[in-house]
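Step one of this worksheet: look at the structure below.
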Amino acid sequence: MFWAMTGLPALSLLAAPAAAQTDWRRVATPTDRARLADWRTVWAGALARARAGGAGAEIAAAGALFDYDRALPRPVPPAGDYRCRIVKLGAAKRWMLPYVAYPFFACRVAVTASGAGETVTLAKLTGSQRQVGTIHPRDGERAVFLGTLMYGYEDRPLPYGRDAKRDVAGWVERIGERRWRMAMPSPAFESMLDVMELVPVD
């Protein structure tokens with residue numbers, strides 16, 4: 001397996017999410033429901049600030065990644081290993097950078113079957129900040145990620161809902177033949193919008 005070859009911890013050691021629910025709203029906190037509901041306004045504002053800060057060329061070069069109307073059928077990425085990167089759009093404070101693109105790290109999507117159905121988990125396995133949580137079905141073009149943020153020195157995530165500043169909520173969409181994204185509006189730190197790009201490892 002990928003993590004065994006690279007020395008990365010197994011996903012089962014990182015994520016202990018609740019089973020996926022038919023209605024993600026039963027799982028999401030009120031704060032995260034509000035963040036997800038306001039996604040379009042936040043996304044447009046984040047793009048405007050990033051372009052005003054000089055990142056117009058980078059945004060254009062990313063193609064569908066930042067197009068908020070781009071969503072294709074089959075939004076849940078299949079199980080497997082992924083290259084993933086985070087791009088931060090729109091500075092939350094005046095002194096912060098309006099556009100920050102981090103290099104690719106390792107992510108993994110896993111599917112666990114149980115009597116209640118399948119649970120899909122997504123975990124960023126490397127880096128100083130790692131999103132770990134569950135992808136909940138929503139409709140044919142969009143799914144919902146609910147999880148927490150782990151720091152590099154930690155070996156287990158906090159349960160979702162315990163620390164609002166650690167909670168992560170995002171819309172998961174497929175934007176290409178082998179390309180997904182997770183858009184996280186109004187994160188607790190630094191930016192107006194965080195976008196995770198996910199590309200399967202060949």
Any heavy-atom pair between the side chains of [Y] and [X] that's under 4.5 Å?
| X | Y | value |
| --- | --- | --- |
| Thr31 | Asp167 | no |
| Ile59 | Tyr99 | yes |
| Gln131 | Leu149 | yes |
| Arg166 | Tyr151 | yes |
| Asp38 | Ser186 | no |
| Trp171 | Arg138 | yes |

Between Arg35 and Asp32, does the salt bridge (Lys or Arg N to Asp or Glu O under 4.0 Å) criterion hold? Intermediate values first, please. CA-CA 5 Å; Arg35 287 198 288 187; Asp32 283 347; 2.4 Å; yes
Would you confirm whether [X], through its side chain, and [Y], through its main-chain N or O, come within 3.5 Å as a donor-acceptor pair?
| X | Y | result |
| --- | --- | --- |
| Arg49 | Pro98 | no |
| Arg85 | Pro103 | no |
| Arg70 | Gly63 | no |
| Trp180 | Val172 | no |
| Lys88 | Gly90 | no |
| Thr148 | Leu158 | yes |
| Arg33 | Arg25 | yes |
| Arg51 | Gly56 | no |
| Arg181 | Leu65 | yes |
| Tyr160 | Thr29 | yes |

Cluster question for you: counting only ILVMFWY and a side-chain heavy-atom cut-off of under 4.5 Å, with indirect links fine, are [X] and [Y] together?
| X | Y | value |
| --- | --- | --- |
| Val87 | Val199 | no |
| Val144 | Val27 | yes |
| Phe104 | Met196 | no |
| Val111 | Met182 | yes |
| Leu89 | Ile175 | yes |

State the CG-CZ distance between Leu122 and Arg108, to the nearest 0.5 angstrom.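 Answer for the CG-CZ pair, Leu122 versus Arg108, is 11.5 Å.
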Looking only at heavy atoms, which two atoms of [X] and [Y] are closest? And how far apart?
| X | Y | answer |
| --- | --- | --- |
| Trp43 | Asp67 | CZ2-C, 4.4 Å |
| Ala91 | Leu97 | CB-O, 3.5 Å |
| Glu173 | Ala71 | OE2-CB, 3.8 Å |
| Cys107 | Leu198 | CB-CD2, 4.1 Å |
| Arg178 | Pro200 | O-CD, 3.2 Å |

Within a radius of less than 6.0 Å around CZ of Arg162, do more than 12 heavy atoms belonging to other residues, nucleotides or ligands occur?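 Counting other residues, nucleotides and ligands, CZ of Arg162 stays at 12 neighbours or fewer.
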